[in-house]
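I have placed the structure first, in the form of structure tokens, so that the comments after it can refer back to it.
By convention in this document, chain letters (A, B, ...) are assigned in the order of the sequence lines, proteins followed by strands, and residues within each chain are numbered from 1. Excluded from the calculations below are hydrogen atoms, water molecules and symmetry mates; all remaining heavy atoms, backbone and side chain alike, are included.
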There are 2 protein chains.
Amino acid sequence: MADQTPSGENLLFLTDEQLRKGIEAMFFAYRGFTADPDRILEGMDYGRAHHRAVHFIHRSPGTTVSNLLTILGVTKQSLNRVLRTLIEEGLVEARVGRRDKRERHLHLTAKGQELERMLSDAQRARMRAAYRAAGPQAVAGFRQVLEAMMDPELRRQYQGLKESGA
Amino acid sequence: MADQTPSGENLLFLTDEQLRKGIEAMFFAYRGFTADPDRILEGMDYGRAHHRAVHFIHRSPGTTVSNLLTILGVTKQSLNRVLRTLIEEGLVEARVGRRDKRERHLHLTAKGQELERMLSDAQRARMRAAYRAAGPQAVAGFRQVLEAMMDPELRRQYQGLKESGA
DNA sequence: AAGTTACGTCAGCCTTGTTGACTTTCCAAG
DNA sequence: CTTGGAAAGTCAACAAGGCTGACGTAACTT
């Protein structure tokens, strides 16, 4: 219960300096994280917002617009602009719901899947390299800390995506 | 050298599914990461870009404009817009260089430090909670993976920031 | 004296986010 | 069967924060 080493554990990893380094690590790593897809997208008519939509439609085929809205955390006007171009250009198909005809169920077309694969190949290549360099133990820690950083609401969204994997 | 379990190690953490979960974890965690400062900033005249500038000026007092440019990875026009308002509103002071009078050395004023503290307190509180929940082992892994994800150029920038820690 | 560097600035554009207002469609409950 | 509200789409306007290109000035370097 003492102020120092409260549970006999070394708490040096909770110093402000360590926390600041963690913050900066997130900042720089996120830049790397988005760099490859951004590079691929530039020149095409699409951007990061399209990538996100395509990713989650791939991830949960048949998802509805409002589902996607919740996951992406943007307004429907914002999402709609993105979705409209994806549909117009034949990357995404919006099927009217069978049960509830107000809903649109979103699917990637062959062309959409092709783009998704290009983007996620690039992004996974970087993740794979990082994972491999750091090792399984580090990867487990990485995932734990990231999960703990999420808002509870988002954490549930995240965990709800199929194949939660331990 | 076989295709399966190449080094006798368990490589299940490198499956596409695991990599995708990692990608999604980054996405959702980054939202949490920026949420608190964003909340504080909204309503003020500032945004995320101002936060970043203030953070790195605090971190490296006396840094020059072009230094900051490199770290933030934006154009000088973009940074200038942000820096101008920070200087006008008395959060940042730009001192003409003693040795090289072309350079401007950036410092936070008392008012600037006050904002920096508000923002970083909020952001560190979340990091601290996440670190505490995950434990020191996990934190080490977290940092390792993030470093491995950075572009080499950015990794050097990151490591160059004082108090590298381990 | 000439060239280069650091910084600032004007103008204009793009992407991606926001509000607010309104319509259409459709399910479900009274 | 009507009606209330949810789901989706759309128009308009705006803001933040990126970008490019073109210039200007002061100061350092060769």
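Atom-to-atom, CE of B:Met44 to P of D:dG17 comes out at 13 Å; the value is rounded to the nearest Å. Here the P atom of nucleotide C:dA6 and the CG atom of B:Leu69 are 11 Å apart, to the nearest Å. Distance NE2 (A:His51) to P (C:dG17): 13 Å, rounded to an integer number of Å. Remark: P of C:dA29 and CG of A:Asp100 are 13 Å apart, rounded to the nearest angstrom. Look at CZ on B:Arg104: it is 15 Å from P on D:dT25, rounded to the nearest Å. Following rounding to the nearest Å, A:Arg31 (CZ) and D:dG18 (P) show an atom-to-atom distance of 10 Å. Rounded to an integer number of Å, the gap from CD of B:Glu42 to C1' of C:dG17 is 13 Å. Here the P atom of nucleotide D:dG18 and the CG atom of A:Leu41 are 18 Å apart, to the nearest Å.
The aromatic rings of B:Phe28 and A:Tyr158 stand perpendicular to each other, their planes meeting at an angle above 60°, with 30° marking the opposite boundary. The aromatic rings of A:Phe27 and B:Phe56 are tilted relative to each other, their planes meeting at an angle between 30° and 60°.
A salt bridge is defined here as a Lys NZ or Arg NE, NH1 or NH2 lying under 4.0 Å from an Asp or Glu carboxylate O, and A:Glu42 with A:Arg39 fails to meet this definition. The pair B:Glu17-A:Arg59 meets the salt-bridge criterion, with a side-chain N (NZ, NE, NH1 or NH2) lying under 4.0 Å from an Asp/Glu carboxylate O. Using a 4.0 Å cut-off between charged nitrogen and carboxylate oxygen, B:Asp16 and A:Arg124 count as a salt-bridge pair. Looking at B:Arg126 and A:Asp151, a side-chain N of the basic residue comes within less than 4.0 Å of a carboxylate O on the acidic one, giving a salt bridge.
Between B:His50 and D:dA16 there is no side-chain polar atom (N or O) within less than 4.0 angstrom of OP1 or OP2. One finds a side-chain N or O of A:Ser66 lying less than 4.0 angstrom from the OP1 or OP2 phosphate oxygen of D:dA8. Note on A:Arg48: every side-chain N or O is 4.0 Å or more away from OP1 and OP2 of C:dT16.
For C:dT25, its base never sits under 3.5 Å from the side chain of A:Arg102 at any donor and acceptor pair.
Looking at A:Glu89 and A:Tyr46, their side chains do bring a donor and an acceptor atom within 3.5 Å of each other.
For the segment residues 73-87 of chain B, the set of residues with a heavy atom within less than 4.0 Å of an atom of DNA chain C comprises B:Lys76, B:Gln77, B:Asn80, B:Arg84, in numerical order.
Residue B:His105 is out of contact with every strand shown, counting any heavy-atom pair closer than 4.0 Å.
For A:Lys101, taking side-chain heavy atoms from C-beta onward, the closest of the listed nucleotides D:dG9, C:dC26, C:dG17 is C:dC26.
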